[in-house]
Protein chains: 2
Amino acid sequence: MFRDDLIADGATIQAGFDALFAGYPDLPVVQGMRYATHGGKRLRGFLVLETARLHGVDPVRALMPALAIESIHAYSLVHDDMPCMDNDALRRGLPTVHVKWDEGTALLVGDALQALGFELVTRPDVGPAEVRADLALSLARASGAQGMVLGQALDIAAESADTPLTLPEITALQQGKTGALIVWAAEAGARLGQGDTQPLRSYAEALGLAFQIADDVLDVTGDAAMVGKAVGKDAAAGKATFVSLLGLDGAQRRAAELVDRACDALSVYGDGAENLKQAARFVISRQN
Amino acid sequence: MFRDDLIADGATIQAGFDALFAGYPDLPVVQGMRYATHGGKRLRGFLVLETARLHGVDPVRALMPALAIESIHAYSLVHDDMPCMDNDALRRGLPTVHVKWDEGTALLVGDALQALGFELVTRPDVGPAEVRADLALSLARASGAQGMVLGQALDIAAESADTPLTLPEITALQQGKTGALIVWAAEAGARLGQGDTQPLRSYAEALGLAFQIADDVLDVTGDAAMVGKAVGKDAAAGKATFVSLLGLDGAQRRAAELVDRACDALSVYGDGAENLKQAARFVISRQN
């Protein structure tokens with residue numbers, strides 16, 4: 001059920017991007033935008049579509065916000081992979097944008113994908129103006145210097161710090177870097193339906209942390225071909241991770257506890273939230 | 001009158017940024033955001049505040065959109081100055097962000113300033129949700145791959161082209177790269193007042209083109225100390241500019257014609273638009 005929906009939603013999102021970019025000029029920056037939004041797990045887009053279903057929102061209204069969060073996520077990956085940040089040559093098993101094109105193009109691709117995210121949540125077909133303004137404001141806060149960029153900045157600062165990060169510090173870093181967009185994606189359904197965002201927020205906060213712990217576990221246990229990007233980098237760089245702080249078993253146990261907590265937060269939705277619960281379990285069992 | 005208002009509005013905008021960033025953590029990325037939004041002509045912010053006055057909009061409502069366009073403009077400068085783009089070490093007479101900090105910080109500063117722009121136009125104090133959603137949608141379109149980023153992409157493509165750009169091509173490039181944000185800034189007052197944007201759009205389209213021609217003239221006639229950034233770069237690179245295509249006299253004449261056209265577009269506003277007319281004349285007489 002969940003697996004089928006994740007695949008179906010991924011195909012819907014891909015078709016949405018294809019239709020969208022058909023109206024764009026054929027320039028390297030647009031080719032890079034298509035490339036960067038192609039593939040991936042589509043977990044954030046799925047969360048938008050699934051929480052919209054849970055709130056009885058017309059799927060047509062949820063599609064653009066689903067594309068929006070995938071667009072913002074893609075922008076963050078393109079910029080994160082650049083030489084002045086993580087300097088990664090591989091993403092989803094393919095050359096990163098600055099490798100396939102050049103750094104200038106990668107910079108513009110990321111910039112344009114960020115703008116696209118805000119365009120997509122404010123298009124008239126998303127619904128009432130109140131909802132669109134709310135989606136844009138919350139997305140700006142989730143992605144900016146008090147959200148995702150804050151997490152990235154803390155990550156950079158940690159690299160030049162004298163002592164490795166503590167568990168509370170690394171948790172705060174993750175809440176920005178990965179957590180903020182996951183929380184936005186999960187809350188989007190409630191925002192679209194003008195309902196209470198609190199249960200989905202609690203769910204997504206636990207889910208986001210479990211997701212990052214699983215990432216750290218994969219960095220130790222995975223191989224690059226399966227994960228689709230370089231692994232073992234954090235350990236090699238001597239960076240504090242959830243695994244270095246909790247041990248491999250401890251990290252896996254902590255992730256499982258967080259998944260339980262995420263599922264508990266959905267009790268108000270009854271049986272309707274089964275897909276979201278399976279998504280949470282998927283997050284810690286995935287191989288990429 | 002215009003000069004006094006430009007200075008007063010610049011001070012209002014600076015005070016707005018100071019108050020805003022007071023609530024942010026003290027990290028290099030935030031220091032860079034403050035730095036990049038400090039100083040400059042504030043022409044775009046002035047256009048927001050002035051066109052809002054023209055439409056009888058409460059200045060308190062116009063302040064955040066004025067900060068927003070200055071934030072988006074600042075992001076574009078920070079990224080444009082990076083080594084993978086124009087590789088400029090000097091901006092407004094001071095070291096550029098990647099020189100003063102590093103490239104990773106400059107990347108994040110630009111990314112965060114873009115998000116901030118969208119946050120500022122959608123804050124509740126800007127007014128009705130319809131206005132906020134409209135401001136965000138138009139800003140996203142003006143700054144993205146069909147607006148400013150398109151212009152930057154055309155600029156990059158021109159560098160590796162076999163033949164220099166023609167006048168229509170360089171005009172299209174400019175309409176994206178500089179024009180789109182100037183048009184957004186000038187239209188903002190009409191959007192805030194839910195009035196007709198057409199006269200301000202016509203004004204700003206002519207103004208934006210005049211502005212870019214004046215920039216090309218300054219690149220030839222100005223000196224770096226006065227202009228506050230490197231000059232003579234376009235000619236040295238053999239790039240087509242309005243000056244290379246029209247000659248110095250021809251370019252100055254064309255800019256003056258555009259200023260006349262910009263002023264004519266404001267006739268519907270009568271005497272109330274005197275400040276905007278003076279702003280247009282200022283744009284082609286400025287020394288930086």
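Every heavy atom of this structure was used, including side-chain atoms; hydrogens, water molecules and symmetry mates were not. Proteins get letters first, then strands, A, B, ... in listed order; numbering begins at 1 in each.
For Asp111(B) against Gln114(A), the heavy-atom pair with the smallest separation is O-NE2, 3.3 Å. Considering every non-hydrogen atom in both Ala136(A) and Thr122(B), the closest pair reads CB-CG2, 3.8 Å.
When the heavy atoms of residues 157-174 of chain A are compared with those of chain B, none of the residues falls under 4.5 Å.
Contacts of Met148(B) with chain A are absent, with no heavy-atom separation under 4.5 Å from either backbone or side chain. Of the atoms belonging to Pro25(B), it is side-chain heavy atoms, and not backbone ones, that fall under 4.5 Å from chain A. Of the atoms belonging to Ile156(A), it is side-chain heavy atoms, and not backbone ones, that fall under 4.5 Å from chain B. Using a 4.5 Å cut-off between heavy atoms, Leu27(B) contacts chain A through its side chain alone, with no backbone atom that close.
Looking only at heavy-atom pairs under 4.5 Å with chain A, the residue among Arg123(B), Met82(B), Gln146(B), Glu103(B) that has the most is Gln146(B). Note on Ser138(B), Ala115(B), Ala142(B): by heavy-atom pairs under 4.5 Å with chain A, the leading option is Ala115(B). Each of Cys84(B), Ala140(B), Ala145(B) has some count of heavy-atom pairs under 4.5 Å with chain A, and the biggest count is that of Cys84(B). The residue among Gln152(B), Glu119(B), Arg132(B) with the most heavy atom pairs within less than 4.5 Å of chain A is Glu119(B). Interface check for chain A: of the options Pro128(B), Ala133(B), Ser76(B), Gly110(B), the most heavy-atom pairs under 4.5 Å are formed by Ala133(B). Per-residue counts of heavy-atom pairs under 4.5 Å with chain B were compared for Val149(A), Val29(A), Leu107(A); the largest is that of Leu107(A).
For the atom pair CG (Leu108(A)) and CG (Leu150(B)), the distance works out to 10.5 Å, reported to the nearest 0.5 Å.
Within 6.0 Å of the CD atom in Gln31(A), the count of heavy atoms belonging to other residues, nucleotides or ligands exceeds 12.
The aromatic rings of Phe118(B) and Phe118(A) sit parallel to each other, their planes meeting at less than 30°, with 60° as the upper class boundary.
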